[in-house]
Amino acid sequence: MELTGAQILMKVLKEEGVDTIFGYPGGVVIDIYDELSRTQEIRHVLVRHEQGAVHAADGYARASGKVGVCLVTSGPGATNTVTGIATAYMDSIPMVVFTGQVPTHLIGNDAFQEVDIVGITRPCSKHNYLIKDINDLANTVKEAFHIARSGRPGPVLIDLPKDVSAGKTAYKEPEPIKMRSYNPTYEPNKKQLQKVIDLIMQAERPLIFAGGGAILSGAYDELTELARKARIPVTTSLMGLGAFPGSDPLWLGMLGMHGTYRANMCTGACDLMIAVGARFDDRVTGKTDVFAAQAKIVHIDIDPTSIRKNIPVTIPVVGDCRITLSHLNHMLKTQDLDALATRTQPWHDRIAEWKATTPLAYEQKDVIKPQYVIEKLFELSKGEAIITTEVGQNQMWTAQYYHFKAPNHFISSGGLGTMGFGLPAAIGAQIACPDKLVVDVAGDGSIQMNIQEMATAVQCCLPVKVVILNNGYLGMVRQWQELFYQKNYACTCMEHAPDFVKLAEAFGAVGLRAAKPDEVEKVLAEGLSVPRPVIMDFAVDREESVYPMVPAGKAITEMLLV
Amino acid sequence: MKNGNATICEEKKVLSILVDNEPGVLSRIVGLFSGRGYNIESLNVAATTDPNVSRITLATQGNRAIIEQIEKQVNKLVNVIKVRRMAVMASVQREMALICVSAKADHRAEILRMVDIFRCKVVDVGPEHYTIEVTGDEGKLEAILSLLKPFGIRKIARTGICALNRESKHRR
């Protein structure tokens with residue numbers, strides 16, 4: 001049977017279970033779009049900027065656990081995806097990005113809209129391909145999906161020259177994937193696990209530190225079981241929020257630069273740290289040579305490069321987090337957990353004291369406090385919304401005050417810290433979960449980076465909500481300038497911003513504003529209940545800062561409190 | 001790092017890397033080194049007897065922790081089939097160099113004597129130069145270079161280290 005490249009692509013995409021593509025057409029991908037328009041099973045979401053397409057595919061992937069897919073044209077279409085690809089790479093998000101390319105005979109000739117996107121994305125993608133022969137197309141696309149979703153997930157890019165997608169060939173079913181060079185380790189080494197059990201049973205001050213890997217591997221149940229069974233308090237990185245229920249008495253809150261006092265103090269004082277799918281980023285560790293200085297560290301990760309990259313480890317365990325934890329839970333069944341509970345009781349008493357003396361706190365007076373908005377959002381959404389964020393103060397307050405109950409509900413650019421991520425990610429999440437409430441918590445700065453995607457939300461009838469914590473500043477940088485640059489607010493004051501209410505209306509969405517504390521609840525209640533896209537603009541305290549804060553280069557226990 | 005003392009001393013290490021013989025693979029390896037700030041002292045690549053597989057021999061420098069990271073990071077690349085650290089005692093390591101040295105009339109005999117002692121070959125001769133092919137371990141190359149230096153080295157091309165692990169001496 002003769003098929004065109006575009007037809008082969010659609011066939012394989014359907015086999016891979018793709019139901020949505022986020023994209024933007026252009027010259028060299030018209031053949032693919034032509035075929036896509038006839039493919040009933042796949043919905044295309046037309047964004048307003050290619051960066052939005054990648055972040056939307058990212059949000060879709062994080063909310064659903066499936067591979068996000070986008071399709072853009074060559075040249076500028078391709079380069080506009082780079083930030084999104086790097087974002088997904090840092091946070092290990094499964095994604096396949098298709099970029100158009102000029103016809104193979106023109107490659108290297110500086111043709112119109114030609115760019116070496118494979119070269120550009122080599123260091124920021126898990127893998128990438130330039131397909132030069134239509135006969136490689138089906139196998140390569142299959143392999144790309146396999147690489148994107150297996151092992152430590154990540155974005156994979158496929159560059160498709162115009163003559164490959166427009167050309168015809170006798171179609172052969174793709175072969176089963178065989179790769180001698182790529183073979184992730186899922187099953188942990190049993191001897192290492194026994195050592196972990198021994199350490200747990202000897203510990204007096206154990207601590208579980210979960211990262212994004214716990215979410216990606218679907219380890220929520222296993223992690224919760226381990227913590228409750230052995231009575232080990234749990235903290236997570238930003239990426240790990242939702243890997244453990246935020247309402248559990250063992251929950252400490254997030255650790256790190258803006259972690260809770262008790263989580264950071266626990267890190268300093270624990271004698272055993274069980275790190276699950278975390279990579280010990282500098283925002284988590286602070287000064288590395290005093291990080292968890294009293295602790296033996298167990299590090300469970302599917303990616304061997306994460307282990308011993310930043311922090312020396314006592315017991316490395318290479319394997320899938322969920323599988324590893326389920327083995328540990330099984331092995332714990334034969335242990336004397338009552339004796340363990342008795343021995344760790346003083347540790348729990350100490351943590352309770354830290355919690356009581358130094359909780360997260362702010363004072364709501366006559367100006368709206370951003371933390372208050374998040375707390376009210378948590379209340380009104382019953383803690384069940386999918387929350388995306390932009391980057392900066394809005395992101396940290398969300399992490400601190402929205403107590404996530406379940407995984408895949410907090411969607412944020414953790415590693416790369418990409419402003420402009422939240423709105424397109426919310427669009428992707430809403431498509432993945434049409435019945436969920438999806439809210440983007442934004443600042444007035446970052447929302448303007450991809451505000452054009454409001455048009456996408458309106459066109460696709462996606463009822464995403466945007467909560468703008470509007471302080472007229474690039475707040476996180478301003479906070480650093482306040483603390484470390486003698487209040488020299490160099491270029492962080494956004495003296496002019498659009499009227500967000502009118503802007504929402506211009507897009508065909510709903511705009512609401514709260515200027516006083518007593519309006520917060522009303523605006524949120526109204527905004528969250530309208531079945532349309534909504535922008536809610538909250539005029540918050542202009543110079544509120546995020547606390548606790550660990551200054552860069554300091555030990556994690558050296559926090560600035562309010 | 002916490003247990004710092006053991007990891008401070010920098011060492012030279014030779015890695016032998018089997019990769020898919022595909023366009024862009026070398027760029028992935030080299031990009032990984034430059035992007036993460038690792039050193040490449042020398043590097044050579046050629047296909048093996050399997051035309052789908054190339055062997056890269058790469059000499060690098062770093063403390064123990066860095067070498068461990070390099071090995072893991074290289075291994076993580078999708079096109080990398082195998083990475084081996086080549087220990088000096090357990091492997092054969094060779095380098096080849098072409099050295100173009102000035103050879104005036106009164107120096108020619110002495111240079112040829114050295115070529116003989118070091119078991120090199122003269123591969124190009126001119127009225128005022130010899131081009132010498134030398135093969136050996138790093139020490140040998142350094143030695144002949146320092147001896148030839150006084151005559152004036154005009155040009156040099158070195159391959160960088162090429163290495164294979166020694167096979168077992170005993171029959172299995």
Side-chain angles (χ1 to χ4, degrees), chain A residues 86 107-108 116 118-132 136 140 143-144 146-148 150-152 154 156-157 159 177 179-185 280 285 287-297 301-314 316 318, chain B residues 1-9 15-38 40 45 47-56 60 62-85:
Chain A
I107 290 178
D116 174 17
V118 168
I120 290 173
T121 55
R122 225 170 251 144
C124 65
S125 61
K126 183 169 175 185
H127 197 53
N128 58 20
Y129 302 89
L130 165 64
I131 300 182
K132 284 188 166 166
D136 295 337
T140 307
E143 195 173 284
H146 170 67
I147 290 174
S150 59
R152 178 177 176 179
V156 178
L157 180 138
D159 206 16
I177 297 165
M179 296 179 73
R180 59 177 160 184
S181 54
Y182 175 76
N183 200 2
T185 309
F280 294 94
T285 59
K287 199 174 170 193
T288 48
D289 49 3
V290 289
F291 177 79
Q294 303 179 38
K296 295 199 164 86
I297 299 180
D301 206 296
I302 198 159
D303 178 4
T305 66
S306 288
I307 297 172
R308 292 207 185 104
K309 182 170 63 183
N310 301 326
I311 296 285
V313 165
T314 319
V318 176
Chain B
M1 307 267 304
K2 254 198 264 185
N3 46 8
N5 292 341
T7 59
I8 282 170
C9 59
L15 299 179
S16 184
I17 308 165
L18 286 178
V19 298
D20 293 329
N21 186 9
E22 277 176 23
V25 174
L26 182 61
S27 163
R28 288 179 204 280
I29 305 260
V30 173
L32 189 156
F33 275 75
S34 66
R36 293 189 181 267
Y38 305 141
I40 297 181
V45 200
T48 61
T49 48
D50 178 349
N52 297 315
V53 177
S54 290
R55 185 185 295 278
I56 297 178
T60 183
N63 63 38
R64 215 177 59 196
I66 287 179
I67 299 286
E68 182 184 325
Q69 261 303 306
I70 290 176
E71 230 177 315
K72 287 174 172 177
Q73 292 285 359
V74 171
N75 233 327
K76 187 171 153 182
L77 293 174
V78 170
N79 291 122
V80 170
I81 300 164
K82 203 181 202 178
V83 183
R84 283 277 174 276
R85 226 185 278 195

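- Heavy-atom neighbours of B/R84 CZ from other residues, nucleotides or ligands within 6.0 Å: at or below the threshold of 12.
- Salt-bridge annotation for B/K72 and A/D301: absent, with no side-chain N of the basic residue lying under 4.0 Å from a carboxylate O of the acidic one.
- At a 4.5 Å heavy-atom cutoff, the contact between B/D20 and chain A is made by side-chain atoms alone.
- For residues 21-37 of chain B, the interface with chain A (any heavy-atom pair closer than 4.5 Å) comprises B/G24, B/S27, B/R28, sorted by residue number.
- With a 4.5 angstrom heavy-atom cutoff, A/L130 does not touch chain B via any of its atoms.
- Taken to the nearest 0.5 Å, the CD atom of B/Q69 stands 10.5 Å off from the CZ atom of A/R308.
- Neither the backbone nor the side chain of A/P123 comes within less than 4.5 Å of any heavy atom in chain B.
- With sequence neighbours left out, A/R122 forms a salt bridge (Lys or Arg N to Asp or Glu O under 4.0 Å) with no residue at all.
- Here the straight-line distance linking atom CG of A/D303 with atom CG of B/N75 works out to 10.5 Å at 0.5 Å rounding.
- Note: A/R180 CZ to B/N52 CG = 6.5 Å, rounded to the nearest 0.5 Å.
- A/S181 places a side-chain N or O within 3.5 Å of a backbone atom of B/V78 that can act as its donor or acceptor partner.
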